[in-house]
Protein chains: 2
Amino acid sequence: MHAKTQVREVDSVGDAPDIIWLRPERPARGPRPAYSRAQIVEAAIRVADHEGLDAASMRRVAKEIGAGTMSLYRYIPRREDLIELMVDAALGELDLPERPSGDWRADLTLLAHGLRAVSLRHPWLTRLPQTRRVFGPNALRMLEFGGGTLDGRGLSIDEMMTLFGIFNGYVDGFVRAEVSWAEEERRTGMDRDQWMAYTSPYVHQILAGGRHPVFSKVVIEARQPHMDPEARFEYGLGLILDTIAASIPAPSGQAS
Amino acid sequence: MHAKTQVREVDSVGDAPDIIWLRPERPARGPRPAYSRAQIVEAAIRVADHEGLDAASMRRVAKEIGAGTMSLYRYIPRREDLIELMVDAALGELDLPERPSGDWRADLTLLAHGLRAVSLRHPWLTRLPQTRRVFGPNALRMLEFGGGTLDGRGLSIDEMMTLFGIFNGYVDGFVRAEVSWAEEERRTGMDRDQWMAYTSPYVHQILAGGRHPVFSKVVIEARQPHMDPEARFEYGLGLILDTIAASIPAPSGQAS
DNA sequence: AAGCAGTTGCGTACGACGTACCCGGTATCT
DNA sequence: AGATACCGGGTACGTCGTACGCAACTGCTT
């Protein structure tokens, strides 16, 4: 991120990758570790849930479990890896059946609601700068379940991944918007009403200009009671699933 | 983000908000400023484009324009605001007509390609943790254009914003995936092939387990030549636009 | 013309951050 | 018993955002 952040060099193709999922948790020899990865990750998630991802610093997490700062590095070599573990642990909360049921629409609806629930519990999830990520076991499980719903229906892998990407993008985008109010309130100490009051001089200047009809509509509408988030989520999700339905070749005769 | 990051208190409803878009650029009295916001933002964008958003620190940007670090704070009170200005400046590169043409499908296609082009030029855009954001002039312009394509077609504002959100989510999600390879290469010094080699022990372990058919398909397929990004983008965009089309009530008689 | 209030550029300093390096202690293997 | 490999963690470095204060300068008021 910042600070030193020097990057490991890749010397040759053959050297052992330092991937957290390949690093054994317990050593073959030597003294027994005093802490566990699970314990560390749990503490980090607890802090991040309550005080934001930035608060879950290496120092803070170490303190949380009663360890010295640098001891943490015996378990998790980089903060990046801590975050990776946190993400996968959060995805582990998804309550999914072993395999898709065959009713892809029901399965994706289940997955969507599961993802939304997890993200609401762990708002920092939607705020991660997503990178080239190594899939952990629970991310894999989700991919298999989600991708599996569309597998074997005559779609190419490109099409499947595009559709799954659209699905994920919708869920993520929706939840991100939903979560951002609570997150920003925690971050800035301003709740929604205070924020409205704070920005109102600017907003009114825009409204007074009269050249932003869409913005005006949004603002005016935002002051009125909305469809509740559940219903809005469901509405958009229905559209996305319809899109997917239209892309799946019909099994027997007629095409869509 | 981190460090001190103490948050301004909101004392009362009435105190003047410190919103960058309301802060006048030039003072009424006193010596004339030596630099300009535009110059600062341009330097910040240049650095972020080449070395990533983190490299565009206050110190670095100040050095870039030949100013002392703290001088920057006379122009831009917080780094958060610098980023806000950068985003809006980038959106300013969107080449959009004054108002939608009436052909919403053509207009949204234009907007989608514009957004993709801008994001490819400024990869840090897709990597921003999005927050409760104050819309700058160019963000407003985009909102008006994009929202305007769907306005007056019998949709509620909730529906319009859901559809526009789906549209934005798709474009953003696609470009994010597209850009992440280049960004990660800059960040880690590993190109795509090196990354593949680096992770291959882990990937092979998963493949060998034989319990991840979807992942296996993706990996195997990823080694073969793909549809080019343009075509994939266009394919998904078509689906999204179809979704929107299906949601727009028919103007005369029959419904969708 | 003189004074003063407001604004400039900017140096210093503080408290956070990630983490490299090093050390003394401990558990296991030979 | 000695060697080996790993443990916990203290110290230190370079980075960050930014609060504070100060001298110089500008433009308005008298």
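Order of the sequence lines fixes the chain letters, A, B, ..., with proteins taken first and strands second; residue numbering starts at 1 for each chain. Just so it is clear, the structure is predicted and the values come from calculations on it, not from any experiment. Both backbone and side-chain heavy atoms feed into the values below; hydrogens, waters and symmetry mates do not.
- When distances run from any side-chain atom of B/Y73 to the nucleotides D/dT18, D/dG9, C/dG18, the shortest one goes to D/dT18.
- Across all strands shown, A/A62 has no heavy atoms under 4.0 Å from either base or sugar-phosphate atoms.
- With respect to the salt-bridge test (charged N to carboxylate O, under 4.0 angstrom), the residues A/E178 and A/R232 do not qualify.
- Mapped onto DNA chain D by nearest heavy atom, B/P77 and A/T69 fall at different nucleotides, with A/T69 at the one closer to the 5' end.
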### Query
What string of B, S and - do you get for nucleotides 22-30 of chain C, 5' to 3', if B is base contact, S is sugar-phosphate-only contact and - is no contact with any protein heavy atom under 4.0 Å?
B--BBSSS-
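- Of the charged side-chain nitrogens involved, none lies within less than 4.0 Å of a carboxylate oxygen, so that B/R141 and B/E144 do not count as a salt-bridged pair.
- When each of C/dA20, D/dA19, C/dA13 is scored by its nearest atom to the side-chain atoms of B/M70, the top-ranked nucleotide is D/dA19.
- The interatomic distance linking B/R79 (CZ) with C/dA16 (C1') rounds to 15 Å, in whole Å.
- Interatomic distance, CG of B/L143 versus CZ of B/F164, reported as 6.0 Å (0.5 Å rounding).
- Using a cutoff of 4.0 Å between basic side-chain nitrogens and carboxylate oxygens, A/R127 and A/E184 are scored as salt-bridged.
- Put simply, the side chain of B/R60 and the base of D/dT15 share no donor and acceptor less than 3.5 Å apart.
- Side chain A/R78 to base C/dG18: no donor-acceptor pair is found below 3.5 Å.
- Rounded to whole angstrom, the span from the CD1 atom of A/I76 across to the C1' atom of C/dT19 amounts to 14 Å.
- Atom pair B/L53:CG and D/dG17:P shows a separation of 10 Å (rounding to whole Å applied).
- One interatomic measurement links the two molecules: CD1 of B/I83 to C1' of D/dC16, which rounds to 13 Å at whole-angstrom precision.
- Between A/Y75 atom OH and D/dG9 atom C1' the separation is 11 Å, expressed in whole Å.
- Here the side chain of A/R192 pairs no donor or acceptor atom with the backbone of A/E185 at under 3.5 angstrom.
- A straight line from CZ of A/R26 to C1' of D/dC6 spans 13 Å, rounded to a whole angstrom.
- Projected onto DNA chain C by closest heavy-atom contact, B/P33 and A/S57 fall at different nucleotides, the more 5' of which corresponds to B/P33.
- What separates CG of A/L72 from P of D/dC7 is a distance of 13 Å, to the nearest Å.
- Remark: side-chain polar atoms of B/E84 are not paired, donor with acceptor, to backbone N or O of B/G136 under 3.5 angstrom.
- The backbone N or O of B/V118 sits nowhere less than 3.5 Å from a side-chain atom of B/H122 that would complete a donor-acceptor pair.
- Of the residues in residues 43-52 of chain B, none lies under 4.0 Å from DNA chain C by heavy-atom distance.
- Here A/R23 does not pair with A/D81 in a salt bridge; the nearest charged N to carboxylate O distance is not below 4.0 Å.
- Nucleotide D/dG10 holds its P atom 11 Å from the NZ atom of A/K63, rounded to whole Å.
- Using the six-membered ring where Trp is involved, A/Y170 and A/F174 have ring planes that are tilted, between 30° and 60° apart.
- Distances shorter than 4.0 Å separate some side-chain N or O of A/S71 from OP1 or OP2 on D/dG9.
- Two residues, A/M58 and B/E25, neighbour DNA chain C, and the one matched to the more 5' nucleotide by heavy-atom proximity is B/E25.
- Distances shown here put a side-chain N or O of A/Y35 below 4.0 Å from the OP1 or OP2 atom of D/dG9.
- Taking 4.0 Å as the cut-off between side-chain N and carboxylate O, A/D49 and A/R121 do not count as a salt-bridged pair.
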